[in-house]
Number of protein chains: 2
Amino acid sequence: MQKKRNITLKELAKALELSISTVSRALNNHPDISEPTKEKVQKLAEKHNYVPNLFASGFRSHRTHILGVIVPNISHYFTSTILKGILEKAENSGYRVIISESKNDEKKQSEMLQTMMQFGVDGILMALSRRTKSIDDILKIVNRIPLVMFDKVSGKIPCTQVVINEEEAAYNAIEHLINIGKRRIAIIKETEGSFNSEKRFEGYLRALREHDLPIDEKIILSTEDISLSKGRMMANVLLSLKKRPDAIFAITDSAAIGVIKALNKFKVNIPDEIAVVGFSNSVNSTIISPSLSTVDQPGHQIGRTAVKYLIEEIENPKEDLVTRTIEIKTNLIVRDSSFKV
Amino acid sequence: MQKKRNITLKELAKALELSISTVSRALNNHPDISEPTKEKVQKLAEKHNYVPNLFASGFRSHRTHILGVIVPNISHYFTSTILKGILEKAENSGYRVIISESKNDEKKQSEMLQTMMQFGVDGILMALSRRTKSIDDILKIVNRIPLVMFDKVSGKIPCTQVVINEEEAAYNAIEHLINIGKRRIAIIKETEGSFNSEKRFEGYLRALREHDLPIDEKIILSTEDISLSKGRMMANVLLSLKKRPDAIFAITDSAAIGVIKALNKFKVNIPDEIAVVGFSNSVNSTIISPSLSTVDQPGHQIGRTAVKYLIEEIENPKEDLVTRTIEIKTNLIVRDSSFKV
DNA sequence: CTGAAAGCGCTTACAG
DNA sequence: CTGAAAGCGCTTACAG
């Protein structure tokens, strides 16, 4: 099929017996152009459904108005709410967004960065893939175009980082458990110390310390990839202890849900015998029974904020690279799994 | 900060005392160029971290290698699995993907189409937003660049459409309920006849008819926006009937989960008293208790397939526009909510 | 095997 | 108020 090409400035100019420059200016509402000319041009442009070729103008002006986004997994619910925020803010600011999945694969992540550069994106937003060992490729990027990181970040990369108050959020969750009378609180975290897992663990430790509760290695469990089935397994481990915990804090909702499933199976009363708190406020937390207390992470706001800072850096380039951390506040949502013991 | 610009062909040419043409050819592995020259060029390019400016080359060749994707809601789980498939297949085929949300807003959808055109995407993938009244804007697009629709489609748009076997899937679900001994099967569908809702309803009707079961308007419920809370409400309505149904088929998982929640609340035994079947196989369907029987929609495959056809049309332009429907098979997943009565 | 030159569609400093 | 011309970075038909 002979796809109709978009009409160009040149063709409009010819039809109007004007120069390309004049047509271009008329369309951009340049003050130099007379009203009658503007009208004439704009009318014809409309009639022919003229759409400027952004590739040409972007190419000319060294600006593409495209932002690149790299996330580990697009179908992770929390990630998708961040993306929502990113899309919304970007579109409202006149930017378009190219999204890529790194699939938690470091090599893939580097490739993505590379192609994003090739496409001449104006800036990059990214969440680190799990187990990113080498940040060399990222450091190279940082020197070339603005980069803003979110969620999974690294303090070693000099750029703006938008994160939640991980440590404090965990602290509040543990304090809540203490307030409802719990004294022996287990934690399920990640083996490999990711930024997020470590911060949450720190919050856990601080809460226990500040409330003069003992820290017991036996109820500090770590797992490689934290998931529903791992949560279930860890719960079984905890149930088999001589001194069972009276609360379990899992650093992700899916693990917490696994915990609840295991407790339900063994008819352990939640929250009386063992309370459970998760992290994320994913949809599932209201589906499971009893409903899960969890930390609400405002993904939408994280996305919007990250875009805001990125565009700021694109439009006002700074002299030096600095690590700047923006913390987004979270809320603990108390549901049945930890409600008044 | 003085961001380092990418090095250009011109600069490479100058450094090597070669012409731009030669450098370009060497980099593209053109057979005309001698081995020593190629090596020399490629070595220097690598050293300077040369990345071709795809904007320039795309602009030159009228091809951007960017696909536009428009979906109603990115954080809908099923959608995100489709996007996963789209991203994967596109990237493997050398295309990048721009994603936009229409938010089920028709005006937004038209705007998105417009900007996608401006960005010179090579083709568009889209799922219709709910309640799209006018398809004029879409018909205009179809004449200009390849368009492939998926999931929420319209028979009125002449293009390739990738959908699941909606009617058959619903038929199979109902037949399964009949096979486990159910005779009075209710359905919860949408008021405004979306393509998907209508097809599923047709499957429901055909199954009842072919098994000589009566069709009773009282247990055919419709709701505006089908959601968990609406599912709950509809279940309450059904429970209040003199002649209760012995099974409920909800055309979405979220509604089905609402149904289960309501039944649990009234201590109705699932599936003995009332069996429940949903549609989508969302994560939630394994979290709810009892676990939900549901139709698995292979989102990943839908996404991959849609991209496959789109690229085919981009690379081999056809003379005429035809409506072509590709059906992806689904599987009924039987879980506790409808297991052996 | 290599180079000079045109051109993709647009913007903008310069000239009048 | 309008136009001619350069140039963004690349590819490619043409020439040698």
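In the text below, chain A, chain B and the rest are named by the order of the sequence lines, each starting its count at 1.
- When Watson-Crick and G-U wobble pairs are counted only if both distances are under 3.5 Å, dA4(D) pairs with no nucleotide at all.
- Taking 4.0 Å as the cut-off between side-chain N and carboxylate O, Glu106(A) and Lys133(A) do not count as a salt-bridged pair.
- The side chain of Thr37(B) places an N or O atom within less than 4.0 Å of a non-bridging phosphate oxygen (OP1 or OP2) of dT2(C).
- Put simply, NZ on Lys38(A) is 14 Å from C1' on dT2(D), counting in whole angstrom units.
- Here the side chain of Thr22(A) is nearest to one of dG9(D), dT2(D), dT2(C), namely dT2(D).
- Considering only side-chain N and O atoms, Ser34(B) lies under 4.0 angstrom from the phosphate OP1 or OP2 of dT2(C).
- At whole-Å resolution of the value, NZ in Lys10(A) and P in dG3(D) are 16 Å apart.
- One interatomic measurement links the two molecules: CG of Leu18(A) to C1' of dA4(D), which rounds to 14 Å at whole-angstrom precision.
- Counting to the nearest Å, the P atom of dC10(C) and the NE2 atom of His30(A) are 18 Å from each other.
- For the pair Ser93(B) (side chain) and Tyr95(B) (backbone), a donor-acceptor distance under 3.5 Å is absent.
- At a threshold of 4.0 Å, the pair Glu35(B)-Lys40(B) does not count as salt-bridged, since none of the basic side-chain nitrogens sits closer than that to a carboxylate oxygen.
- Figure legend. dA13(D) is base-paired to no nucleotide; pairs are counted as Watson-Crick or G-U wobble with both atom distances under 3.5 Å.
- One atom, CD1 of Ile7(A), and another, C1' of dC8(C), lie 17 Å apart when rounded to the nearest Å.
- Here dG7(C) presents its P atom at 20 Å from CG of Leu9(B), a figure rounded to the nearest Å.
- One can place CD1 of Ile20(B) at 12 Å from C1' of dC8(D), the figure rounded to the nearest angstrom.
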Requested in this report: Take Thr22(A) and Leu16(A) through the side chain to side chain contact (heavy atoms under 4.5 Å, CB included) test and state the conclusion after the steps.
Outcome: CA-CA 10 Å; Thr22(A) 304; Leu16(A) 288 159; over 6 Å; no
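- Distance from the side chain of Ser21(A) is smallest to dT12(C) among dT12(C), dC1(D), dG9(C).
- A salt bridge links Glu91(A) and Lys108(B); the closest N-O separation between the charged side-chain nitrogens and carboxylate oxygens is under 4.0 Å.
- Residue Glu17(B) is the one, among Glu17(B) and Ala56(B), whose nearest nucleotide of DNA chain C lies closer to the 5' end (criterion: closest heavy atom).
- Note on Tyr50(A): every side-chain N or O is 4.0 Å or more away from OP1 and OP2 of dG9(C).
- Atom pair Arg25(A):CZ and dA5(D):P shows a separation of 14 Å (rounding to whole Å applied).
- Within the 4.0 Å cut-off from OP1 or OP2 of dG3(D), at least one side-chain nitrogen or oxygen of Ser19(A) is found.
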